[in-house]
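Atoms considered below: every heavy atom in the structure, side chains included; atoms not considered: hydrogens, waters and symmetry mates. Throughout, residue positions are numbered sequentially from 1 according to the sequence presented. Each ligand, and each atom within it, is numbered from 1 in the order the structure gives.
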Amino acid sequence: MKTETSVHGLAASLHTARSAKKVIGFVPTMGNLHEGHLSLVREAKKICDVVVVSIFVNPTQFGPNEDFENYPRTLEQDSQLLVDVGCDIIFAPSVDQMYVKKPVITRIQVTELTEILCGASRPNHFDGVALIVTKLFNIVQPHYAFFGQKDFQQVAVVKQLVQDLNLNVEVIALPTVRAEDGLALSSRNVYLSVEQRAIAPLIYQSLLDAERTLHEGETLADVLAQTKERLQAAGFTIDYVEAFTPHLHFVQSTDKEFVLFVAVKLGTTRLIDNLYVKLIKD
Ligand code: AMP
């Protein structure tokens with residue numbers, strides 16, 4: 001496995017693979033890798049000849065009061081995990097390497113999809129995501145790119161971006177990997193105190209209970225309100241508890257398929273999760 005820190009170095013490393021018409025897979029991450037990230041790499045290995053994993057904590061997707069400075073950076077540990085899953089190239093550029101001329105004055109903005117959920121509570125977050133993903137796709141030029149459904153809205157934004165800009169890459173979204181108690185794995189889980197970690201699984205539990213009560217016939221509005229109350233009572237600060245269609249449109253009363261979304265804070269740690277719900281049988 002090679003580690004490249006420059007755009008030119010990566011291009012040189014990929015040159016032979018490209019000339020030999022190898023299938024290139026790409027997994028963009030911010031590092032501090034866990035089983036969620038590694039599951040993406042394993043899937044990439046199944047259908048690609050060469051897998052590139054980027055590790056870059058992207059400043060443009062963090063708000064001024066968010067955790068950019070404190071975000072866990074664990075390159076050595078990440079490298080070991082990536083060797084073990086058969087990653088071929090790590091791309092770990094510096095901020096200066098990715099943003100040579102600051103401030104960046106080019107905007108890539110996916111509208112509509114970014115006006116709800118995390119886009120509403122984290123202004124400019126998805127502009128930062130769209131910018132870095134576009135840059136990384138141009139640098140790596142992968143055939144396939146792998147993303148986690150845990151960041152459901154991010155997947156929708158990236159797919160839209162790829163479609164609207166005719167980017168030559170296929171986006172593959174993979175299921176959320178969870179701890180045994182149901183908590184979605186996240187690099188931010190390391191911020192949780194022992195007490196906070198103990199109540200965090202309630203996020204997923206409340207989503208599963210919401211799904212069950214929906215199947216029992218309760219209305220979506222009631223279920224969302226109950227879920228919110230329950231999480232609040234347990235000590236979470238609610239950012240949102242909402243439902244949208246799988247294409248992130250508003251749910252109509254006739255819709256039988258939708259996604260439940262939760263974003264909460266435990267202390268200063270923001271956690272998100274979602275659950276796809278289908279009320280009809282195939
Ligand atoms: P991040 O490092 O948080 O930017 O995440 C990098 C990629 O890993 C994104 O596509 C995430 O959706 C994905 N990812 C993060 N956590 C999980 C998880 N628990 N299960 C599956 N994929 C995940």
Side-chain angles (χ1 to χ4, degrees), residues 25-46 48 51-63 66-68 70-75 77-79 81-82 85 87 90-93 95 98 113 117-119 122 125-137 140 142 144-162 169-192 197 200-201 203-204 207 248 259 261-263 269-276:
F26 178 44
V27 181
T29 82
M30 297 204 297
N32 193 240
L33 303 181
H34 50 64
E35 269 304 313
H37 300 109
L38 300 180
S39 71
L40 304 183
V41 182
R42 285 196 197 94
E43 286 304 310
K45 285 295 288 183
K46 287 184 192 165
C48 303
V51 174
V52 179
V53 175
S54 64
I55 296 183
F56 180 63
V57 185
N58 173 38
T60 64
Q61 71 189 69
F62 286 77
E66 294 185 349
D67 56 344
F68 173 70
N70 298 330
Y71 198 86
R73 290 160 171 89
T74 53
L75 185 56
Q77 179 189 311
D78 293 346
S79 302
L81 292 169
L82 288 173
V85 289
C87 165
I90 298 179
F91 180 49
V95 171
M98 288 306 287
L113 294 176
L117 301 170
C118 290
R122 303 182 68 188
H125 168 68
F126 285 115
D127 294 354
V129 170
L131 180 64
I132 196 65
V133 168
T134 306
K135 284 165 74 73
L136 288 168
F137 281 177
V140 179
Y144 297 96
F146 299 81
F147 290 82
Q149 289 286 13
K150 183 194 160 252
D151 298 280
F152 191 99
Q153 191 176 13
Q154 173 169 274
V155 172
V157 168
V158 171
K159 282 188 171 170
Q160 189 73 42
L161 179 76
V162 164
V169 54
E170 186 174 329
V171 173
I172 297 183
L174 294 165
T176 301
V177 177
R178 302 177 178 282
E180 260 182 36
D181 58 14
L183 177 65
L185 298 186
S186 162
S187 304
R188 292 192 166 96
N189 292 351
V190 298
Y191 299 147
L192 298 173
R197 179 63 186 79
I203 301 169
Y204 185 53
L207 283 169
L248 295 185
V259 183
F261 293 94
V262 170
T269 305
R270 188 170 182 280
L271 300 172
I272 61 171
D273 205 346
N274 64 77
L275 185 70
Y276 178 89

Note, Val53 side chain near Phe91 side chain (heavy atom, < 4.5 Å): no

Answer yes or no: is there a side-chain heavy-atom contact under 4.5 Å between Leu275 and Phe261? no

Does any N/O atom on Ser39 come nearer than 3.5 Å to any N/O atom on ligand 1? no

Closest non-hydrogen protein atom to atom 22 (N) of ligand 1, residue and atom name please, with distance? Gly148 CA, 3.5 Å

Heavy-atom contacts with Phe147 under 4.0 Å: which atoms of ligand 1 show up? List them by number with element. 10 (O)

Distance-only N or O hit between ligand 1 and Leu40, under 3.5 Å: no

Heteroatom proximity flag, Thr176 to ligand 1, N/O under 3.5 Å: no

Under 4.0 Å, counting heavy atoms only: does His34 come that close to any atom of ligand 1? yes

Please determine if Val177 has a nitrogen or oxygen closer than 3.5 Å to a nitrogen or oxygen of ligand 1. yes

Contact check, side chains of Leu117 and Ile272, non-hydrogen atoms, under 4.5 Å: no

Counting heavy atoms only, which of Pro28, Gly36, Pro175, Ser54 comes nearest to atom 18 (C) of ligand 1? Gly36

Is the NZ or CZ atom of Arg73 both under 6.0 Å from the centre of the six-membered ring of Phe56 and within 45° of that ring's axis? no

Heavy atom of the protein closest to atom 11 (C) of ligand 1 (residue, atom name, distance): Asp151 OD2, 3.1 Å

Just which atoms of ligand 1 are under 4.0 Å from any heavy atom in Leu185? 16 (N), 17 (C), 18 (C), 19 (N)

Any salt bridge between Arg42 and Glu35, counting N to O under 4.0 Å? yes

Is Leu174 close to ligand 1, meaning an N/O of one under 3.5 Å from an N/O of the other? no

Euclidean distance, Asn189 CG relative to Leu183 CG, rounded to 0.5 Å: 4.5 Å

Considering only heavy atoms from C-beta outward, does the side chain of Val57 approach that of Phe68 to under 4.5 Å? yes

Should you measure from each heavy atom of Lys150, which atoms of ligand 1 turn up under 4.0 Å away? 16 (N), 17 (C), 19 (N)

Applying a 4.0 Å heavy-atom criterion (strictly less than), which segment of Met30 is in contact with ligand 1: side chain, backbone, both, or neither? both

Under a 4.5 Å cut-off applied to non-hydrogen side-chain atoms, are His37 and Ser187 in contact? yes

The side chain to side chain donor-acceptor pair (under 3.5 Å) partner of Arg188 among Thr269, Asp67, Asn32 is Asp67

Give the residue and atom name of whichever protein heavy atom lies nearest to atom 1 (P) of ligand 1, and the separation in Å to one decimal. His37 NE2, 3.6 Å

